[in-house]
Number of protein chains: 2
Amino acid sequence: MKEIEKTLESKSVRPTAMRILIYKYMAEKEIAVALTDIENAFAKSDRTTLYRTLKTFEEKGVVHQIDDGTGIHKYALCEPGCNCELDQDLHLHFHCANCDETVCLTEHKIPHINLPEGFIAEDANLVIKGICEKCSGQ
Amino acid sequence: MKEIEKTLESKSVRPTAMRILIYKYMAEKEIAVALTDIENAFAKSDRTTLYRTLKTFEEKGVVHQIDDGTGIHKYALCEPGCNCELDQDLHLHFHCANCDETVCLTEHKIPHINLPEGFIAEDANLVIKGICEKCSGQ
DNA sequence: GTAGCGATGCAACGGAAGTGCATTTATTGT
DNA sequence: ACAATAAATGCACTTCCGTTGCATCGCTAC
Ligand SMILES: [Mn+2]
Ligand SMILES: [Mn+2]
Ligand SMILES: [Zn+2]
Ligand SMILES: [Zn+2]
């Protein structure tokens with residue numbers, strides 16, 4: 001518990017009760033979560049607060065936003081040392097077509113791509129869609 | 001003109017007036033287009049028709065849908081020989097942070113990725129965000 | 001204590017995707 | 001050519017999320 005407070009404070013995020021709960025929820029889940037997921041997990045919660053909490057978390061480098069192609073914004077906690085604010089932690093994401101869960105594959109970085117003349121890369125997003133380990137049954 | 005009709009018919013899409021117009025519009029643009037773009041291009045057009053036209057085009061392999069991370073569905077004509085229905089034409093896409101335009105880089109295929117044990121890949125989406133050739137000024 | 005600022009909660013807005021159903025237009029069979 | 005059938009189009013409406021405005025609450029500093 002104190003652990004979470006320290007983490008938040010180290011990223012200049014005031015550790016309010018709600019924020020600690022959200023952080024804890026995301027830490028327990030090992031998959032990317034959507035705003036609606038959190039909303040459903042906490043009966044007594046307001047969507048706006050959750051929305052702004054995630055926004056703050058993102059700005060302060062507590063979480064990173066994931067676009068897995070479903071059209072729904074998902075979020076996952078940043079690993080220690082993740083520099084995703086600087087687009088320096090370009091790991092790929094896997095979205096399961098069966099269970100709809102999305103996971104970070106933090107060990108798998110996006111390979112460097114040679115672009116045509118004139119194109120300048122600043123950020124990259126690579127999502128693999130398929131069947132996850134849980135659903136493939138092994 | 002006859003050319004377009006033949007293309008559509010070869011993909012079992014009836015070449016109606018509207019469909020030919022939309023196809024022509026997409027062929028002239030060299031970038032991915034959103035439903036709203038088409039809507040604005042044709043003053044006298046109904047969104048539903050455009051929506052369903054794009055859906056038909058996609059199902060029949062005339063266009064492929066692009067998720068460039070903006071949250072807006074975009075579409076581009078399939079190159080001749082593109083097998084994107086079968087997830088066999090995994091080229092990457094480039095989204096310009098400056099002009100918001102998205103282009104297909106059909107020559108640049110998504111590199112093969114080794115996934116952890118148990119994960120089965122079926123599809124992939126790679127979007128590079130940055131500054132396009134037009135905006136980088138060369 | 002009180003002034004000030006950040007966090008929270010409620011309500012409402014907005015864009016875009018998607019659906020139901022009536023109408024028009026094209027195709028087919030006689 | 002005509003009727004029957006199917007496909008395409010148009011209008012209205014819905015839903016889902018993300019987003020914003022504004023009032024209120026609660027902590028913190030002076
Ligand atoms: Mn991630
Ligand atoms: Mn493309
Ligand atoms: Zn799964
Ligand atoms: Zn550009």
Side-chain angles (χ1 to χ4, degrees), chain A residues 4-5 7-25 32-60 62-76 95 100 102 125, chain B residues 4-25 32-60 62-76 95 100-102 125:
Chain A
I4 295 178
E5 293 188 35
T7 305
L8 291 179
E9 270 167 354
S10 77
K11 306 213 177 184
S12 346
V13 175
R14 280 169 209 263
T16 67
M18 198 68 226
R19 287 170 175 176
I20 293 170
L21 278 176
I22 295 175
Y23 190 101
K24 209 177 148 200
Y25 173 76
V33 300
L35 198 154
T36 310
D37 296 330
I38 308 179
E39 200 182 359
N40 294 335
F42 301 103
K44 191 176 165 300
S45 68
D46 180 71
R47 245 186 50 244
T48 312
T49 305
L50 302 178
Y51 169 75
R52 285 197 258 243
T53 300
L54 288 172
K55 207 172 165 188
T56 304
F57 277 11
E58 194 191 356
E59 282 164 6
K60 297 303 173 68
V62 178
V63 304
H64 59 278
Q65 196 183 59
I66 300 164
D67 168 29
D68 63 4
T70 59
I72 293 170
H73 291 173
K74 297 186 180 171
Y75 301 84
H95 174 239
D100 193 42
T102 297
N125 183 34
Chain B
I4 294 178
E5 292 188 36
K6 269 183 190 159
T7 306
L8 291 180
E9 271 168 356
S10 77
K11 306 213 176 184
S12 350
V13 175
R14 282 168 207 263
T16 68
M18 198 69 226
R19 286 170 175 175
I20 292 171
L21 277 175
I22 295 175
Y23 191 101
K24 208 176 148 199
Y25 173 75
V33 300
L35 197 154
T36 310
D37 296 331
I38 309 179
E39 199 182 358
N40 293 335
F42 300 103
K44 190 175 166 296
S45 67
D46 181 69
R47 242 188 53 245
T48 312
T49 304
L50 302 178
Y51 170 75
R52 285 197 259 242
T53 299
L54 288 172
K55 207 173 166 189
T56 303
F57 276 10
E58 193 191 357
E59 282 164 6
K60 299 302 175 68
V62 179
V63 304
H64 59 278
Q65 196 183 61
I66 301 164
D67 169 28
D68 64 4
T70 59
I72 292 170
H73 292 175
K74 297 187 181 171
Y75 301 85
H95 174 240
D100 193 41
E101 290 187 354
T102 297
N125 183 33

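Computed from a prediction, not measured in an experiment: that's the story for all the values here. Letters A, B, ... are given to chains in the order of the sequence lines, protein chains preceding strands, and every chain is numbered from 1.
Residues from residues 63-71 of chain B with heavy atoms under 4.0 angstrom of DNA chain C: there are none. If you check residues 39-46 of chain B against DNA chain D, the residues with a heavy atom closer than 4.0 Å are B:Asp46, listed by number.
Here the side chains of B:Lys74 and B:Val33 are not in contact, with every heavy-atom distance at 4.5 Å or above. Using a 4.5 Å cut-off on side-chain heavy atoms (C-beta onward), A:Leu8 and A:Arg14 make no contact. The shortest distance between side-chain heavy atoms of B:Phe57 and B:Glu59 does not fall below 4.5 Å. The shortest side-chain heavy-atom distance between A:Tyr75 and A:Glu58 falls under the 4.5 Å cut-off. A:His73 places none of its side-chain heavy atoms less than 4.5 Å from the side chain of A:Ile66. A 4.5 Å side-chain heavy-atom check between B:Val63 and B:Tyr23 finds every atom pair outside the cut-off. Taking 4.5 Å as the limit, some side-chain heavy atom of B:Ile4 sits within range of a side-chain heavy atom of B:Lys24. Here the side chains of A:Leu54 and A:Ile38 are in contact, with some heavy-atom distance below 4.5 Å.
Each of A:Thr48 and B:Lys74 has a nearest nucleotide on DNA chain C; the 5'-most of these lies closest to A:Thr48.
At least one donor-acceptor pair under 3.5 Å links the side chain of A:Asn125 to the backbone N or O of A:Asp67. Side-chain atoms of B:Asn40 come within 3.5 Å of backbone N or O of B:Thr36 as a donor-acceptor pair. Checking side-chain atoms of A:Lys60 against main-chain N and O of A:Ser12 turns up a donor-acceptor pair under 3.5 Å.
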Between A:Tyr51 and A:Asp46, does the side-chain contact (heavy atoms from CB on, under 4.5 Å) criterion hold? Intermediate values first, please. CA-CA 9 Å; A:Tyr51 169 75; A:Asp46 180 71; over 6 Å; no

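Annotation: the span from B:Arg47 atom CZ to B:Thr53 atom OG1 amounts to 13.0 Å, rounded to 0.5 Å. Between the OG1 atom in B:Thr56 and the CZ atom in B:Arg19 there is a gap of 5.0 Å [rounded to 0.5 Å]. B:Asp37 contributes atom CG, which lies 9.0 Å from atom CD of B:Glu101 (distance to the nearest 0.5 angstrom).
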Check nucleotides 14-16 of chain D against the protein and report each pair of N or O atoms closer than 3.5 Å, with its distance, or say if there are none.
none

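Across the protein-nucleic acid pair, A:Arg47 atom CZ and D:dC17 atom P stand 9 Å apart, rounded to whole Å. Going from atom NZ of B:Lys55 over to atom C1' of D:dA7 covers 15 Å, rounded to whole Å. Whole-Å rounding puts the A:Leu54 CG to D:dG18 C1' distance at 12 Å. For the pair A:Glu59 CD and D:dT19 P, the interatomic distance rounds to 12 Å; values are reported in whole Å.
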What is the per-nucleotide protein-contact pattern of nucleotides 22-30 of chain D, from the 5' end, where B denotes a base atom under 4.0 Å from a protein heavy atom, S denotes such proximity for sugar-phosphate atoms only, and - denotes neither? B--------

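Using a 4.0 Å cut-off, some side-chain N or O of A:Tyr51 falls inside it from OP1 or OP2 of D:dT19.
Applying the side-chain contact (heavy atoms from CB on, under 4.5 Å) rule to B:Ser45 yields the partners B:Met18, B:Glu39, B:Phe42, B:Leu50; only residues at least two apart in sequence or on another chain are considered.
Contacts of B:Arg19 with the nucleic acid, taken as non-hydrogen atoms under 4.0 Å apart, involve only primed sugar atoms and P, OP1 or OP2.
Note that the first and last nucleotides of DNA chain C, 5' to 3', having any atom under 4.0 angstrom from a heavy atom of chain B are C:dA16 to C:dT27.
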